[in-house]
Amino acid sequence: MTATTATEGKHRRGKKPGVTPLEAEGLRLGFLMSLPAQLLLLFIVVFPLLMQVYVSLTYWGPLDGESWIYAYSSLNWFDNYGELFADGRFWGSIGRTLLIVVVCVPIEFLLGLGLATLFVDRFPGRRIFYSILLTPMMIVPAVAGYMFFMMFQSTGPLNDLFSRITGLTVDFVWLSDNDLAIVAVMIADIWQWTPLMFLILLAGMMGVPEDQLKAATLLGANAWQRFWRIVLPKMKMVMIIALVLRAVECFKIFDLLFVMTKGGPGIQTESISLYIYKLTFADLEWSYVAALGLFMLIALSLLAWVGLVAMQRAQARAQAPGGAEA
Amino acid sequence: MFGSRPVYNSVRYLLILLAVVIVLIPTVWMGTMAFKPFPEWTTATGELSWLPKNPTWGNFEYIFTGQTADLLVTLDRTAERPILASLITAVLGTAIAVIVGTLGAYAVSRFRVGNNLPLSVLQLRLFPPLAVMIPVMIMWSFLGMVDTWWGLSLIYGIVTLPFAFWLMKTFFDEVPVEIEEAALVEGCSRFRVFWKVTLPMVKAALASTCLFVFILNWSDYLIALLLTRKDWVTIPVYMNSLASAMGGQMYGCKAALGLIAAIPPVVFGIAIQKYLVRGLTFGALKQ
């Protein structure tokens, strides 16, 4: 890897006179090999983005009887964007999605971290338990949603189980209850994605150098101190990666919700993806959806950019002399 | 990390067993439901039991032939076609993602060409697909690709490209350039080196990448929901339409279908366990 950087560095600097035939061949081949990926990106990013901007400035819909090319006949400039700021259902769905993210991701993280600490050292049966605990995240999300749809039926197994344990008749109508529905969805999400946290955090934990832990033990640090002082600081990057990945994916939550509640009862569990889906297929307001989508694109890009800058700062601080954690 | 005290060990086994039970409850419920006859589906239709009292293949029979003794309504659209559609589109989507991703990854890893690619492909994963689907739906219908196998495969190839690209890039980065340089000295062309030297060295990694990307494509629901109508609906879309068409919930039949959908990714996932972390974190972490 370092060798490549060194030789290729020479390429770039000496482009005009000093390019050997071999290097030129490499550049040509590299260009050809990256071409398909570039073309696909052009096809799926650049062109659709322009189209989305265009359509979002009009009242065009799929039932207008006109091709989208003639959308300019109903040009309204920024009406759609003005509308979205006053759209209570949009902001409500954003809030609900964020609520799911804020509740589920930390719980998944803590459960995953706890499980990972149990799996750090070897014990009989470790491999098989590990494989079993990973299965939920490999199950097709729509199928997992259906599993929990069955579990949470008022005539289903969960109420039956609770009834037997408590001796009372438990008949929660989980999925059509105003408050319980979102809890049911969160439980399903936690069930499915805790394994992902577990997987990533365990990998990070296995990377913590053992000799440092041994040294700390010799110096008299107890398990708790070792965990806080050595394991956690070493795992900071891994934790950030796990949290960011999960938060980004959780924000898109759709499959589970669509199968379990379809956003109901009413709009009690309607996430942003579900709201956009309904606008697209039930209300056919495509130009409004285009505006909504663009708004979210810009908002999320800003967020990602802020996050990236913050992370680079943190990294620079960690590398600066004296800034490193002991 | 915590030493090996007997108390800790027994607590650990207890906690792990608890986690295993929680993981298994919904899974086992669906697995057994697939073999339960109609009266055992819910407490509403009869008595609830965790294991089927009269195990039956009736649910599988029903989704594949449209008829079974228990249920009066015949099914007009059976499950073979959605299963075939899921298979074909997931396999072709995987082929597109892995081929394009591998070529691009090699170009970036070796020749530093296309340096915009690593971040640009990541963008494809950042946004909720629904926020950017309107132009894609317009384009797909403009090009006549809605509800076709090639249209669905193409979009699958695009949305899983980031995973294929990043996985293969980390694998190529690990191959020492010295081996390639030796082949170059012997007079091989650059492409021959890639094809005959590097690619065979990452063969196992390439196979794992294929399985990983296949799992992702197989797991999709949303995109198939948006871009298929009737002929090429995939398993999850078909599964969800089963209920609405019949009025009541078809618990047993849907569980049977769910079981069929759940098995390939779980088997493949366990097979490539070693690379899961790397794949899921876009190569940022290795196991």
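Chain naming here is simple, since letters A, B, ... match the order of the sequence lines and numbering starts at 1 in each.
- Considering only heavy atoms from C-beta on, A:Phe254 comes within 4.5 Å of B:Leu225 through its side chain.
- Residues A:Tyr277 and B:Met133 fail the side-chain proximity criterion, which asks for heavy atoms closer than 4.5 Å.
- Ring centroid separation for the pair A:Phe152 and B:Trp29 does not come in under the 6.0 Å cut-off.
- A:Val45 touches chain B through its side chain: at least one heavy atom from C-beta onward sits under 4.5 Å away, while N, CA, C and O do not.
- Inspection of the A:Tyr130 and B:Gln273 side chains reveals no N or O donor paired with an N or O acceptor under 3.5 Å.
- With chain B as partner, the option from A:Phe47, A:Phe281, A:Phe251 having the largest number of non-hydrogen pairs under 4.5 angstrom is A:Phe281.
- At a 4.5 Å heavy-atom cutoff, A:Leu158 makes no contact with chain B through either its backbone or its side chain.
- Between B:Val132 and A:Pro48 there is no side-chain heavy-atom pair separated by less than 4.5 Å.
- Contact of the A:Pro124 side chain with the B:Tyr13 side chain is registered, since non-hydrogen atoms from C-beta on lie closer than 4.5 Å.
- You'll find the side chain of B:Leu124 reaches within 4.5 Å of the side chain of A:Leu41, heavy atoms only.
- Listed here is the closest heavy atom pair of A:Gln38 and B:Leu117: OE1-CD2, 3.7 Å.
- Heavy atoms closer than 4.5 Å to chain A are found in the side chain of B:Ile155, but not in its backbone.
- Looking at B:Ala105, neither its backbone nor its side chain comes within 4.5 Å of chain A, counting heavy atoms on both sides.
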